[in-house]
Q: 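Questions regarding the structure given below will be posed in turn.
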Amino acid sequence: MISRIDLRGDAFPTGGIDRDLLPRAELDVEAALEKVRPICEDVKHRGTAALIDYAEKFDGVTIDRVRVPVDAIKRSLAELDPKVRAALEESIRRARLVHGEQRRTDRTTQVVPGGTVTERWVPVERVGLYVPGGRSVYPSSVIMNVVPAQEAGVASMAVASPPQKEFGGLPHPTILAACALLEVDEVYAAGGAQAIAMFAYGTEDCRPAAMVTGPGNIWVAAAKRLLKGRIGIDAEAGPTEIAILADATADPVHVAADLISQAEHDPLAAAVLVTDSPDLAQAVEKELETQVAATKHIEDRIVPALAGRQSGIVLVDGIDEGLAVVDAYAAEHLEIQTENAAQVAARVRNAGAIFVGAFAPVSLGDYAAGSNHVLPTGGCACHSSGLSVQSFLRGIHVVDYTREALAEVAGTIVTLADAEDLPAHGAAVRARFAGGEQMNADDWTVPGS
């Protein structure tokens, strides 16, 4: 059901691990790019009419408008199962606790007397938040997008999620209910690349946004890549992935269950175990057989995901080698199920989120840890972070210098301007002082000279 890669002994690479040695899904975003380009151009030119046409073509549903009526959003909350509502409210409460602590404060640095630089943190004015549909319903993704945007102080936000045939062309009612709980009443029944184009270009109904965030399929990732620059993006999120670093102390029941929990998302989902224990590897393989047979979504998601080239069990000689593998893999979700798990986790450099010990499964982070589950995939965790309040903030430097403070550093500026052959830069400083236009850099007092 799941393949093995043996990196023990001489098979362990010297001088760094080539990422191509490790399990990874094949995603050709560049090929998808050319397929989404005409879709995005169509939305740019035809707006809402194009979105309605694509709802019928891709989602199999006929709709006469894209924006969801406010009364439909309120009705979804009123009709929501009370237990689901309570669970969403608890998830929101915990997410606010964590994300509320992430808000940055302005900081002013006095460089010299009379010269300061202040870094102001300003939220983007408007964001589009994408919530995927299709195989599953993700009200949790509403929370993970909306809460950090709200905590950042974003004034205007809109949610888009694919229209669902069984719900009359509206997004899933649980998604609408989550929007209502978060007091978001601007929601659009739009999915895929066309939704990203809607946020980038705007339509008759939807004002363009400055930024778009949220997970999605390859078409969403391709549209983000295509429109990046026109609109800010969080990341080109691909299929979900879990890596588990485990030793002989790990419970194979837990490990197998966690691998399956990610595999049930999508046939391209990645499930990777890295271990120095052959006995654990064998026990996990047996547990996979048992647990998969007893669950749901077997043939359409779990089995293809576990059997795909993106999943596997990687055998290593020890925890040091295991850490090297998981750092090279840079997983979206990384579980540490080893002896002294917290100490091992502290040594990890590349991961979207780290789950420490036997009682911190990825499912906890998906719903109720308080952390964010919109995380970098495809190895991007080596250079990118998950969604946070910071994602929605821009740092603006405010420079405030008096005449005296500028005069003190004028010689430095003129010297560097001349060194770069940009004399007008120096002239802009000279112009602020009587007779300065005729003065050479040597005539100014350069601090430290």
Q: Given side chains that start at C-beta, do those of E335 and L259 come closer than 4.5 Å, heavy atoms only?
A: no
Q: To the closest 0.5 Å, what do you measure between CD1 (I52) and CD (Q194)?
A: 12.5 Å
Q: Is a side-chain donor-acceptor pair under 3.5 Å present for E166 with Q164?
A: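 There is no such pair between these side chains.
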Q: Should V127 and V212 be marked as a side-chain contact (heavy atoms from CB on, under 4.5 Å) after you check the CA-CA gap, both sets of side-chain angles, and the distance that decides it?
A: CA-CA 6 Å; V127 298; V212 63; over 6 Å; no
Q: Testing the 3.5 Å rule here: is there a donor-acceptor pair between the side chains of E332 and T240?
A: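 Their side chains do contain a donor-acceptor pair, which is all the 3.5 Å distance test asks for.
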Q: Is any side-chain N of the basic residue among E236 and K224 closer than 4.0 Å to the acidic one's carboxylate O?
A: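 No, this pair does not count.
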Q: Examine R24 relative to Y329 and say whether NZ or CZ is less than 6.0 Å from the centre of the six-membered ring and inside a 45° cone about the ring axis.
A: yes
Q: Any donor-acceptor pair under 3.5 Å linking the side-chain atoms of Q390 with those of R103?
A: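 Distance-only check fails for R103 and Q390.
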Q: For Y138 and H265, test the side chains for any donor-to-acceptor distance below 3.5 angstrom and give the result as yes or no.
A: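 There is such a pair (donor and acceptor under 3.5 Å, judged by atom type) between the side chains of Y138 and H265.
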Q: Check D81 with K83, please: is the shortest side-chain N to carboxylate O separation under 4.0 Å?
A: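 Answer for the salt bridge query: no.
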Q: Assess whether a salt bridge exists between R37 and E41, defined as any Lys/Arg side-chain N lying under 4.0 Å from an Asp/Glu carboxylate O.
A: no
Q: Under a 4.0 Å N-O cut-off, is there an ion pair linking R126 with E186?
A: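 The answer is yes: the pair qualifies as a salt bridge.
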Q: Please confirm whether the backbone N or O of A72 pairs with a side-chain atom of S76, one donor and one acceptor, at under 3.5 Å?
A: yes
Q: Can you tell me if D247 and T249 form a side-chain donor-acceptor pair at under 3.5 Å?
A: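 Their side chains do contain a donor-acceptor pair, which is all the 3.5 Å distance test asks for.
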Q: Among T108, D400, T109, which residue satisfies the side chain to side chain donor-acceptor pair (under 3.5 Å) criterion with T118?
A: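 Testing each of T108, D400, T109 against T118, the sole residue satisfying side chain to side chain donor-acceptor pair (under 3.5 Å) is T108.
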Q: Any side-chain donor-acceptor pair under 3.5 Å between T213 and N145?
A: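 Yes, side-chain donor-acceptor contact under 3.5 Å.
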Q: Output all residues satisfying side-chain hydrogen bond (donor to acceptor under 3.5 Å, both in side chains) with D53, sequence neighbours left out; order by chain, then residue number.
A: R46
Q: Check whether more than 12 heavy atoms from other residues, nucleotides or ligands sit under 6.0 Å from atom CG of D10, and answer yes or no.
A: no
Q: Looking only at side-chain N and O atoms, does S388 offer a donor or acceptor that is under 3.5 Å from a partner on H99?
A: no
Q: Assess the side chains of R207 and S156: does a donor N or O sit below 3.5 Å from an acceptor N or O?
A: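 S156 and R207 do have a side-chain donor-acceptor pair below 3.5 Å.
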Q: Judged by atom type as modelled, is there a donor-acceptor pair below 3.5 Å linking the side chain of R94 to the main-chain atoms of A368?
A: yes
Q: List in chain and number order the residues that pass side-chain hydrogen bond (donor to acceptor under 3.5 Å, both in side chains) with T116, two or more places apart in sequence or in another chain; answer none if no residue qualifies.
A: none
Q: Can you tell me which residue pairs pass the salt bridge (Lys or Arg N to Asp or Glu O under 4.0 Å) test with a partner in residues 314-327, sequence neighbours excluded?
A: D320-R347
